[in-house]
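Notes follow the structure.
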Amino acid sequence: MVVVIRPATAAAAAPDIAALDAALVDCRACPRLVEWRERVAREKRRAFADQTYWGRPVPGLGPHDARLIIVGLAPAAHGANRTGRMFTGDRSGDVLFAALHAVGVANQPTAVSADDGLELRGVRITAPVHCAPPDNKPTTAERDECGHWLDRELTLLAPTARAVVTLGGFGWQAALTALRGHGYAIPVPRPKFGHGAFVDLQAAPGHDVPDLRVFGCYHVSQQNTFTGRLTPAMLEDVLSTAVEFAGL
């Protein structure tokens, strides 16, 4: 019998980022997501038929003392769900890592596998949902359940983090919700997501957290990059501004 440990319990028990990542990859809390990620890993895409898919929750990527946090949506079925590393092995990742390299925080512009030598400087990439969801659409309940991992990750990164870039409205809302729980005062009405938008957050009364700036950026989805809604120049502009703000 498989014993399912809830993310709220497992995440809270993690003393550091390494322990958090190790606990996360064994999560089986959301039955629909478990069934989907494992079915995709068995059936595979024809182009990757000879590869062994990761087929598990995908942990964050980047150092434990990051000054900039990038928050996406969820792993892609044949990208990170295949390679086991955030944004690695699909066209969204091609765009993102090329931009991170262009602004000086990635040692190479490509990310094709978990052992390709990619390193990030001062940046950690994570997501509100760590399993690949059907149609790239996690349910509200799945987002809330998985959100415990993001909550703990932000807690562990809090001493050094100075900026957050959210890729898409889903990440924007998830980040603001999590940051409110960490003692930040979120303006009312809640700031709206937009490409190039940003909001400066300070500690709520009774809390002691460092000032933080949250940036909005269109998601690096194929729908956005293929149509020109998000160009490499637009992405690099947001990232370079965030990198400078974070002091990297």
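Residue numbers start at 1 and run along the sequence shown.
In terms of modelled atom types and a separation under 3.5 Å, the side chain of Arg67 and the main chain of Arg162 share no donor-acceptor contact. For Arg152 (side chain) and Ala14 (main-chain N/O), a donor-acceptor pair under 3.5 Å exists by modelled atom type. Looking only at distances, no side-chain donor or acceptor of Thr177 sits under 3.5 Å from a matching main-chain atom of Ala174. No donor-acceptor pair closer than 3.5 Å links the side chain of His219 to the backbone N or O of Gly72.
In this structure, Ala41 and Gly55 approach most closely via the heavy-atom pair CB-CA, 3.9 Å. Counting all heavy atoms, side chain and backbone alike, Ala74 lies closest to Pro133 at CB-CD, 3.6 Å. Nearest heavy-atom pair, Asp151 versus Ala178, reported as atom, atom and distance to 0.1 Å: OD1-CB, 3.3 Å. Of all heavy-atom pairs spanning Ala246 and Leu68, the tightest one is CB-CB, 4.3 Å. Between Ala29 and Pro31, the shortest heavy-atom distance links the atoms O-CD, 3.4 Å. Across Asp26 and Ala22, no two heavy atoms sit closer than the pair OD2-O, 3.8 Å.
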Residue pair Arg180, Arg190: steps toward the side-chain contact (heavy atoms from CB on, under 4.5 Å) verdict: CA-CA 11 Å; Arg180 180 180 60 193; Arg190 178 176 284 211; 3.5 Å; yes
Pair Ile125-Phe97, side-chain contact (heavy atoms from CB on, under 4.5 Å): steps then yes or no: CA-CA 11 Å; Ile125 303 173; Phe97 288 111; 3.9 Å; yes
side-chain contact (heavy atoms from CB on, under 4.5 Å) evaluation trace for Leu24 with His130: CA-CA 8 Å; Leu24 184 148; His130 286 272; 3.6 Å; yes
Step-by-step side-chain contact (heavy atoms from CB on, under 4.5 Å) determination, Leu118 to Leu61: CA-CA 10 Å; Leu118 175 75; Leu61 166 65; 4.1 Å; yes
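Annotation: side chain of Pro57 is in contact with side chain of Arg37 (closest heavy-atom distance under 4.5 Å). By the 4.5 Å heavy-atom criterion applied to side chains, Ile69 and Glu153 are not counted as neighbours. Side-chain contact between Thr126 and Leu150 is present, with heavy atoms from C-beta onward closer than 4.5 Å. When side chains are defined from C-beta on, Leu157 counts as touching Ile17, because their heavy atoms get closer than 4.5 Å. Annotation: side chain of Leu179 is in contact with side chain of Val214 (closest heavy-atom distance under 4.5 Å). A heavy-atom distance below 4.5 Å is not found between the side chains of Lys44 and Gln51. Between Val71 and Pro128, some side-chain heavy-atom pair lies under the 4.5 Å cut-off.
To the nearest 0.5 Å, atom SG of residue Cys27 and atom NE2 of residue His148 are 10.0 Å apart. To the nearest 0.5 Å, the span separating OG1 on Thr231 from CG on Asn224 amounts to 11.0 Å. Taken from CD1 in Ile186 to CG in Leu176, the straight-line distance is 5.0 Å, to the nearest 0.5 Å. In this structure, CZ on Phe226 lies 9.5 Å from OG on Ser221, to the nearest 0.5 angstrom. Atoms NZ and CD, from Lys192 and Gln173 in turn, are 11.0 Å apart once rounded to the nearest 0.5 Å. To the nearest 0.5 Å, atoms CG (Leu230) and OG1 (Thr225) are separated by 7.0 Å.
Screening Leu96, Leu167, Thr166 for a side-chain contact (heavy atoms from CB on, under 4.5 Å) with Cys217, the sole residue that qualifies is Leu167.
Remark: Glu244 CD is loosely packed, at most 12 non-hydrogen atoms of other residues, nucleotides or ligands lying under 6.0 Å away.
For Asp211, the salt bridge (Lys or Arg N to Asp or Glu O under 4.0 Å) test picks out no residue, with sequence neighbours left out. Residues passing the side chain to side chain donor-acceptor pair (under 3.5 Å) test with Thr160, sequence neighbours excluded: none. Scored by the side chain to side chain contact (heavy atoms under 4.5 Å, CB included) test, Arg39 finds Glu35, Trp36, Arg42, Glu43 as partners (sequence neighbours excluded). For Pro187, the side chain to side chain contact (heavy atoms under 4.5 Å, CB included) partners are Pro191, Val199, Leu201, not counting sequence neighbours. For the salt bridge (Lys or Arg N to Asp or Glu O under 4.0 Å) test, no residue two or more places apart in sequence or in another chain qualifies with Glu236. Scanning for side chain to side chain contact (heavy atoms under 4.5 Å, CB included) contacts around Arg213 gives Phe198, Asp200, Phe215, Phe245, with sequence neighbours left out. The side chain to side chain donor-acceptor pair (under 3.5 Å) search around Arg32 returns Glu142, not counting sequence neighbours. Remark: Asp21 engages Arg124 in a salt bridge (Lys or Arg N to Asp or Glu O under 4.0 Å) (not counting sequence neighbours).
Under the 4.0 Å criterion applied to side-chain N and carboxylate O atoms, Arg6 and Glu145 are assigned as salt-bridge partners.
Pairs engaging residues 88-101 under the side chain to side chain donor-acceptor pair (under 3.5 Å) rule: Arg85-Thr88 [sequence neighbours left out]. Within the structure, ring-ring contact (aromatic ring centres under 6.0 Å, His included) contacts touching residues 42-67 (residues at least two apart or in different chains) are Tyr53-His78.
Val58 and Val40 fall into different hydrophobic clusters, where Ile, Leu, Val, Met, Phe, Trp and Tyr are joined by side-chain heavy atoms under 4.5 Å apart, directly or via other members. Transitive grouping of hydrophobic side chains (ILVMFWY, heavy atoms separated by less than 4.5 Å) keeps Val25 and Val34 in distinct clusters.
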Validation: residues 105-113 side-chain donor-acceptor distances under 3.5 Å, sequence neighbours left out:
{"residue": "Asn107", "atom": "OD1", "partner": "Glu119", "partner atom": "N", "Å": "2.7"}
{"residue": "Asn107", "atom": "ND2", "partner": "Gly117", "partner atom": "O", "Å": "3.0"}
{"residue": "Gln108", "atom": "NE2", "partner": "Thr110", "partner atom": "O", "Å": "3.1"}
{"residue": "Gln108", "atom": "NE2", "partner": "Asp116", "partner atom": "O", "Å": "3.4"}
{"residue": "Ser113", "atom": "OG", "partner": "Asp115", "partner atom": "OD1", "Å": "2.7"}

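Its side chain within the 4.5 Å cluster rule, Leu33 clusters with Leu73, Val129, Phe170 among the Ile, Leu, Val, Met, Phe, Trp and Tyr residues.
In this model, no donor atom of one side chain and acceptor atom of the other lie less than 3.5 Å apart for Arg229 and Gln223.
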